[in-house]
Number of protein chains: 2
Amino acid sequence: MAEGSTGGENLLFLTDEQLRKGIEAMFFAYRGFTADPDRILAQHNYGRAHHRALHFINRSHGTTVNNLLSVLGVTKQSLNRVLRTLIEDGLVESRVGRRDRRERHLFLTDKGRALEAALSEAQRARMRAAYRAAGPQAVAGFRQVLEAMMEDDIRHHYQQLRETR
Amino acid sequence: MAEGSTGGENLLFLTDEQLRKGIEAMFFAYRGFTADPDRILAQHNYGRAHHRALHFINRSHGTTVNNLLSVLGVTKQSLNRVLRTLIEDGLVESRVGRRDRRERHLFLTDKGRALEAALSEAQRARMRAAYRAAGPQAVAGFRQVLEAMMEDDIRHHYQQLRETR
DNA sequence: ATTTTATGTCAGTGTTGTTGACTTTCCAAG
DNA sequence: CTTGGAAAGTCAACAACACTGACATAAAAT
């Protein structure tokens, strides 16, 4: 995928100013990235943490609390606060595991799926616009750089997401 | 720069799953992006807000508080709390404006420059590694997509940063 | 029977953001 | 010169979201 054009002259172009430009691009773009969901969340009195929980429960239905913890990289106390409100509000359902009854498997309810879809669609719309503006080749590069930027022990959470196309 | 291969088939590839993959890439990569500076900041009892202030004061020496506010996108109360500690700790100097003496112009002290350099170098090191792993063409795409993802009224803060190369 | 694992909960703390109200300083227009 | 308003700073209160530490419960594993 990243073969071919990575010639020999790709060490010279890494000036500090270009790197700084990349750093600021990440900073400003991440603000845009979260802006649309944030507006929806505010209407429901939720925050980004709720969005993340909804996203990853939707991504892998029936995931356990422990798995969610390692994906999100927060403490159980922090996640639990968010999860409790989502369960109380009827967006998430927690079912005792059948094989291992210590585990809780998490599912979105219809209501939860609806909010997740609204948040996701808002975020996808911006991503879609950015992708279209930049073109397919840029998208490939975008994802290559981002993947290389992740922490090593986190990358597998990203890669395990299949892309059926 | 990104001319040529942006043919006609670049509308079909925008499946929801690919967009979701991009969304997760942003999420996981941003964690990596902030991880190294966060470790340094923790040693100094500072947070990300301090890093951002140091970065943008360093980027434009003598900037006013108001300008910094619009770049950072926070309230003056929020910025002021951070700025006050940086001034107290002797990392930032605040000089009354000569033309307009209501304004305060912000500068890094030697001590401030030293911390900014440490934070910046840690962040650049990861960016540099990601750039090298992905290759120059990927870097161009990376920046194109990020720029398209920014909010319209924010993008000029990014673009005004010159790149002398 | 004991230990470990998975989860949940309570209490306290810190950073970073917010609103709202208020003051001081000071440029500029009337 | 007075006044209006912009710029900056301060104080108080609050909320979201992260943390640590301690403890409880249930169930699996040893």
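- In this structure, B/His44 places its NE2 atom 15 Å from P of C/dT15, rounding to the nearest Å.
- B/Thr34 and B/Arg48 share a donor-acceptor pair across their side chains, judged by distance under 3.5 Å alone.
- Side chains of A/Arg124 and A/Tyr131: no donor on one and acceptor on the other come within 3.5 Å.
- With a 6.0 Å cutoff to the six-membered ring centre and a 45° limit on the axis angle, A/Arg126 does not count as a cation-pi contact of A/Phe33.
- OP1 or OP2 of D/dA7 has not a single side-chain nitrogen or oxygen of B/Arg104 nearer than 4.0 Å.
- In this structure, A/Leu83 atom CG and C/dA6 atom C1' are separated by 14 Å, rounded to whole Å.
- Note: CZ (A/Arg48) to P (C/dT15) measures 20 Å, nearest angstrom.
- In this structure, the CG atom of B/Leu68 is 11 Å from the P atom of D/dG9, given to the nearest Å.
- If you take CG of A/Asp38 and P of C/dT16, they are 18 Å apart, rounded to a whole angstrom.
- Going from atom CZ of B/Arg101 over to atom P of C/dC26 covers 5 Å, rounded to whole Å.
- Residues B/His55 and A/Glu24 bring a donor and an acceptor atom of their side chains to less than 3.5 Å of each other.
- One interatomic measurement links the two molecules: OH of A/Tyr46 to P of D/dA15, which rounds to 17 Å at whole-angstrom precision.
- To the nearest 0.5 angstrom, A/His51 atom NE2 is 10.0 Å from B/Phe27 atom CZ.
- For A/His50 and A/Thr85, the side-chain atoms include at least one donor-acceptor pair closer than 3.5 Å.
- B/His50 comes within 4.0 angstrom of the backbone, heavy atoms only, and of no base.
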Problem - Reading 5' to 3' through nucleotides 17-23 of chain C, protein heavy-atom contacts under 4.0 Å coded B for base, S for sugar-phosphate only, - for none - result: BBBBB--
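- Neither OP1 nor OP2 of D/dA8 sits under 4.0 Å from any side-chain N or O of B/Arg102.
- Going from atom CG of B/Asn45 over to atom P of C/dT15 covers 7 Å, rounded to whole Å.
- Between A/Glu93 atom CD and A/His61 atom NE2 the span is 13.5 Å, to the nearest 0.5 Å.
- Between A/Asn66 and C/dT7 there is a side-chain polar atom (N or O) within less than 4.0 angstrom of OP1 or OP2.
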